[in-house]
**Student:** 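Structure provided below as structure tokens; questions to follow.
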Amino acid sequence: MKRFFFAFSFAVLAAFPASSQNTEVEDGFNLMEEGARLLLRGLMSEVEPTLDEFTGMIDEMGPALQAFADEMGPAILHLIDLIDDARHYEQPEILPNGDIIIRRSVDAPPFVPAPIQDDRDTSEIDL
């Protein structure tokens with residue numbers, strides 16, 4: 001049992017380096033940590049004006065973007081329903097006259113369009 005205790009205590013002491021070496025390592029880490037902290041502070045002071053400007057621009061554009069989403073949202077959703085899945089189409093091709101053709105891949109499954117929902121009121125109006 002004494003041998004085990006002696007071997008165990010020797011292993012524990014050997015696992016920890018001498019205190020002077022440990023202090024040097026800690027000092028090195030502290031210096032690196034301080035350097036990283038100073039670097040990040042410098043970067044933040046450089047980026048802060050740009051971030052403030054960007055935030056102001058977002059605040060100004062917010063209502064316009066919301067109006068665009070309200071007006072174009074249903075049309076974009078309808079277009080997505082018509083397209084099916086973008087993976088089933090080839091790369092767009094621009095013709096000499098400026099027309100753009102997007103062909104469906106030959107190996108794509110057959111396209112079954114979703115039923116068109118007509119939200120218009122078709123009831124008769126009495127005059």
Side-chain angles (χ1 to χ4, degrees):
M1 185 66 166
K2 287 182 181 181
R3 280 194 221 177
F4 175 73
F5 180 73
F6 179 72
F8 179 74
S9 60
F10 180 73
V12 169
L13 290 174
F16 293 106
S19 62
S20 64
Q21 290 176 348
N22 196 16
T23 306
E24 290 173 4
V25 171
E26 286 179 6
D27 289 342
F29 281 129
N30 289 339
L31 289 174
M32 288 179 63
E33 182 180 348
E34 185 64 27
R37 204 176 278 139
L38 289 172
L39 175 69
L40 290 176
R41 278 189 199 143
L43 288 174
M44 285 302 296
S45 66
E46 293 287 327
V47 172
E48 190 172 4
T50 306
L51 287 176
D52 291 341
E53 183 180 317
F54 183 69
T55 303
M57 189 172 59
I58 293 285
D59 291 340
E60 290 176 11
M61 292 177 52
L65 290 174
Q66 184 62 43
F68 177 77
D70 291 342
E71 291 177 18
M72 294 302 296
I76 292 172
L77 290 175
H78 178 67
L79 180 64
I80 289 172
D81 287 340
L82 291 177
I83 289 178
D84 181 30
D85 189 355
R87 293 178 294 174
H88 299 308
Y89 292 89
E90 294 177 2
Q91 184 175 1
E93 177 182 343
I94 301 175
L95 300 179
N97 65 357
D99 289 348
I100 299 173
I101 297 177
I102 304 174
R103 292 189 168 93
R104 191 162 173 89
S105 297
V106 178
D107 58 346
F111 176 67
V112 180
I116 298 174
Q117 297 177 356
D118 191 5
D119 295 338
R120 293 180 293 169
D121 184 17
T122 57
S123 60
E124 295 182 19
I125 300 174
D126 293 328
L127 296 175

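Just so we're clear, the structure is a prediction, and the values are computed from it rather than from any experiment.
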**Student:** Sequence neighbours left out, what passes side chain to side chain contact (heavy atoms under 4.5 Å, CB included) with Arg41? Give chain and number order.
**Tutor:** Arg37, Leu38

**Student:** List the atom pairs, with distances to 0.1 Å, where a side-chain N or O of residues 98-113 and a protein N or O form a donor-acceptor pair under 3.5 Å, not counting sequence neighbours.
**Tutor:**
from: Asp99; atom 1: OD2; to: Asn97; atom 2: ND2; distance (Å): 3.2
from: Arg103; atom 1: NH1; to: Glu93; atom 2: OE1; distance (Å): 2.5
from: Arg104; atom 1: NH1; to: Tyr89; atom 2: OH; distance (Å): 3.2
from: Arg104; atom 1: NH2; to: Asp84; atom 2: OD2; distance (Å): 3.2
from: Arg104; atom 1: NH2; to: Pro109; atom 2: O; distance (Å): 2.7
from: Ser105; atom 1: OG; to: His88; atom 2: O; distance (Å): 3.4

**Student:** Can you sort out the partners of Leu43 under side chain to side chain contact (heavy atoms under 4.5 Å, CB included), two or more places apart, ordered by chain and number?
**Tutor:** Leu39, Leu40

**Student:** Quick one: side chain to side chain contact (heavy atoms under 4.5 Å, CB included) partners of Met57, sequence neighbours excluded?
**Tutor:**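 By the side chain to side chain contact (heavy atoms under 4.5 Å, CB included) rule, Met57 matches Phe54, Met61.
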
**Student:** With a 3.5 Å cut-off and sequence neighbours excluded, list the donor-acceptor pairs that the side chains of residues 65-77 form with protein atoms.
**Tutor:**
from: Gln66; atom 1: NE2; to: Asp70; atom 2: OD1; distance (Å): 3.0

**Student:** Quick one: which residue pairs count as a salt bridge (charged side-chain N to carboxylate O under 4.0 Å, His left out) with a foot in residues 52-66, not counting sequence neighbours?
**Tutor:** none

